[in-house]
Amino acid sequence: MVPLRAPSRLVLETQRHLKWRLLDPLEAITMILCGICLAGFSTSVFLDVLTRILHSPWLWLQEVTSTFFVYGTFIGAAAATRRNDHLYLSAITESVRGWPRLAIETFDRLVVLAVAYCMVYYGYINFLQGFGSFRMPSMTPIASLYAAIPISGALIALFTIEQLVNGWRRGFEGKGPAHEETYFE
Amino acid sequence: MSNGWILVIMAMLFLGLGYLGVPVAFSLTAGVLVATLLTPISLPSIIGQLFNGIDTEALLAVPFFLLVGELMTSAKVVGRMIDLSQTMIGHVRGGLAQVVTLFSMFFSGISGSSSADVAVLSRTLAVSMRKEGYDPGFTAALIASASTMANLIPPSIMAVVYGATGNVSIGGLFLGGIVPGVLVGIGLMVYSHFFGPIGFLKPRATFFQFAGAAWRATIPLVIPVIIMGGILTGWFTPTEAGLVAVVYILVVAIPALNRRHITELPLDFAKAGLLYSIPLITVAAASAFGWMLAYLRGPDLVSDWISVRAGTDPMTIMFLLVAAFVIIGDFVDAIPAIIIFMPIINKLTEIGNINPVHMGVVIIVTLAFGLITPPYGIALLMAAKFVDVKFSTALVRSLPLYVVFFATIAFCIFFPEVVLWIPKHVLPESVGCFKAPGGTGYICPS
């Protein structure tokens with residue numbers, strides 16, 4: 001059997017002990033989708049400006065832009081969960097060792113899992129209700145946008161379960177930092 | 001249960017979970033979900049708020065400004081701007097420290113993100129500073145402090161988020177940020193000159209060396225001109241200006257300056273795609289938090305508390321808000337802080353009859369200062385890590401630099417006419433001016 005190997009530059013090796021190789025292609029796919037969403041909405045904003053300058057605006061481009069933007073945000077949130085790239089208030093957990101570390105890391109991930117569950121379940125309810133509202137001018141059901149939340153929630157739940165199981169089996173303490181330092185301000 | 005108690009539970013859950021290591025976006029959402037269970041609001045509608053929080057056109061600018069920074073950094077184009085800074089100011093006492101500040105001012109005009117600034121400076125100039133004997137603690141403190149200018153000098157992601165959520169002119173906030181940005185830069189240069197390490201004294205660059213460096217830096221330096229020029233002439237919105245800057249880098253800058261980097265562009269887009277989703281998912285969660293805060297009448301509670309003490313005096317209101325935001329900025333990330341507390345800021349702006357752009361600039365400067373204050377001084381944490389020095393050492397060396405920020409914040413509060421001078425003359429509508437009925441000039445609120 002050919003082992004599944006993702007393009008290595010799209011998969012973060014930090015905290016490898018908390019990851020299954022099997023899910024590496026999924027991380028790579030989410031990263032590729034992030035790039036596609038960014039390129040997609042850059043292109044649609046560009047075409048939007050261009051068609052307005054040419055006095056024949058394509059109004060549906062704004063829907064395309066917001067679709068790429070919303071999906072990019074929620075899929076990126078899922079990718080960031082696997083890569084531990086989210087914004088954190090503190091790195092207290094990293095200074096704790098032994099069973100307290102296991103307890104805190106487990107608790108943290110259970111909280112994330114609970115939020116992910118709400119994103120999936122209540123997001124799905126919103127998705128179903130979204131078939132009653134439409135986006136103008138294409139009249140596409142707004143459910144097409146709301147679907148991003150449960151999809152993201154499902155991926156976040158999957159990646160969190162992966163970290164929980166591996167954390168319990170191998171411990172949460174690794175050689176690298178518990179999360180990547182990615183900052184924006 | 002009273003609204004006050006629900007507010008306390010929501011806030012404590014957010015901070016408690018956040019400091020236990022739950023990512024900010026999830027700790028915010030968890031706090032809101034628990035609070036929702038204590039109110040008649042349905043859970044699906046709160047989850048829907050995650051979507052509504054990012055469904056704002058102005059926020060589209062954020063990915064573009066992050067992409068500009070990512071492309072410029074990964075294509076290694078910024079080295080030319082460092083060279084230009086060297087020829088301009090590298091010969092004075094503490095030359096490399098001055099270069100750090102001057103380069104940050106240039107780079108702030110491109111990226112709008114402190115993190116990109118810290119990353120570039122730590123991996124380039126910090127190495128040279130170590131060789132010249134600069135104390136690593138000082139290096140980290142200076143890099144972190146200088147990087148805050150990215151949030152003040154336009155384009156600034158904080159200004160985009162503030163403008164989008166507070167319904168304040170983003171162009172006005174951009175222009176209003178120039179004065180405090182330059183003041184912070186001058187303050188850091190003055191401090192480095194008189195109190196910083198001396199470094200190696202180098203000969204002054206000749207005119208031809210300067211002209212050569214300026215010529216080589218021309219292509220990257222056009223980017224701030226595109227961004228601000230486009231916005232000020234009314235040709236582009238901030239989002240479109242960001243897009244045009246991206247197109248310029250892809251079509252002109254990278255092919256002209258680093259053609260081999262073209263093959264790396266798909267990876268840059270993937271990384272930038274991830275990069276923008278992280279603050280925006282936090283924006284989404286913070287919007288739901290802010291919505292619940294408003295539902296529970298939190299803004300009324302806080303603004304009543306402040307207005308009882310400050311009355312309608314704008315100075316006192318601002319000082320109390322600044323004091324609150326210095327504390328908030330110590331513990332909470334700037335972007336969620338802006339969104340969560342926006343209803344309170346808006347209410348107090350109204351009570352004190354303060355110009356919204358002025359208030360925005362003061363809040364943004366205060367939150368930018370929060371990037372170098374413990375325990376959540378993210379720019380300082382990052383600089384200390386990259387420069388390989390203890391956070392506590394960098395913190396001690398950054399304490400004297402706090403004076404620069406206190407002075408800048410106080411200046412912004414006491415001299416609104418100076419802060420608003422550029423927006424008033426360049427983009428009068430942004431600060432509430434309107435065209436005179438006769439068609440000549442503008443009438444502005446006093």
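These numbers come from the heavy atoms of this one structure, side chains and all, not from hydrogens, waters or symmetry mates. Note on naming: letters A, B, ... go to the chains in the order of the sequence lines (proteins, then strands), and numbering restarts at 1 for each one.
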The criterion is salt bridge (charged side-chain N to carboxylate O under 4.0 Å, His left out); which residues satisfy it with A:Lys19, sequence neighbours excluded? A:Glu27
Can the ring centroids of B:Phe64 and A:Phe41 be said to lie less than 6.0 angstrom from one another? yes
Hey, are the side chains of [X] and [Y] touching, using non-hydrogen atoms and a 4.5 Å cut-off?
X	Y	value
A:Thr73	B:Val283	no
A:Cys118	B:Ile47	yes
A:His86	B:Ile281	yes
A:Phe107	B:Leu17	yes
B:Ile46	A:Tyr122	no
A:Arg9	B:Glu264	yes

Heavy-atom cut-off 4.5 Å, strictly under: side chain, backbone, both or neither for [X] against chain A?
X	answer
B:Leu50	both
B:Val161	neither
B:Ile54	both
B:Leu33	side chain

Using a cut-off of 6.0 Å, state whether more than 12 heavy atoms not belonging to [X] lie near its atom [atom1].
X	atom1	result
A:Phe131	CZ	yes
B:Phe236	CZ	yes
A:Trp20	CH2	yes

[options]: which one forms the most heavy-atom pairs within less than 4.5 Å of chain A?
options	result
B:Ala30, B:Ser156, B:Pro63	B:Pro63
B:Leu280, B:Thr237, B:Leu43	B:Leu43
B:Val24, B:Asp117, B:Leu67	B:Val24

For the atom pair [atom1] ([X]) and [atom2] ([Y]), what is the distance rounded to the nearest 0.5 Å?
X	Y	atom1	atom2	result
B:Glu240	A:Ile53	CD	CD1	8.0 Å
A:Leu145	B:Asp55	CG	CG	7.0 Å
B:Phe269	A:Met31	CZ	CE	13.5 Å
A:Leu87	B:Thr282	CG	OG1	4.0 Å
B:Thr239	A:Asp48	OG1	CG	10.5 Å
A:Tyr71	B:Ser277	OH	OG	15.5 Å

For A:Ala114, the side chain to side chain contact (heavy atoms under 4.5 Å, CB included) test, sequence neighbours excluded, returns none
Could you look at [X] and say if it's the side chain, the backbone, both or neither that has a heavy atom under 4.5 Å from chain B?
X	answer
A:Thr30	neither
A:Val45	both
A:Val70	both
A:Ile36	neither
A:Phe127	neither

Which atom of [X] lies closest to which atom of [Y], heavy atoms considered:
X	Y	result
A:Val112	B:Pro23	CG2-CD, 4.0 Å
A:Cys34	B:Ala270	CB-O, 3.9 Å
B:Leu274	A:Gly76	CD1-O, 3.5 Å
A:Ile104	B:Leu20	CG2-O, 3.4 Å
B:Gly48	A:Asn126	N-ND2, 3.3 Å

Can you label the angle between the B:Tyr276 ring and the A:Phe69 ring as parallel, tilted or perpendicular, going by 30° and 60°? parallel
Looking only at heavy atoms and a cut-off of under 4.5 Å, which of [options] has the most pairs with chain B?
options	value
A:Ala116, A:Gly123, A:Ala77, A:Ala79	A:Ala77
A:Ser42, A:Ala148, A:Ala80, A:Ser152	A:Ser42
A:Val115, A:Ile125, A:Val96	A:Val115

Could you go through the side-chain contact (heavy atoms from CB on, under 4.5 Å) check for B:Val244 and A:Phe46 one step at a time? CA-CA 8 Å; B:Val244 174; A:Phe46 178 74; over 6 Å; no
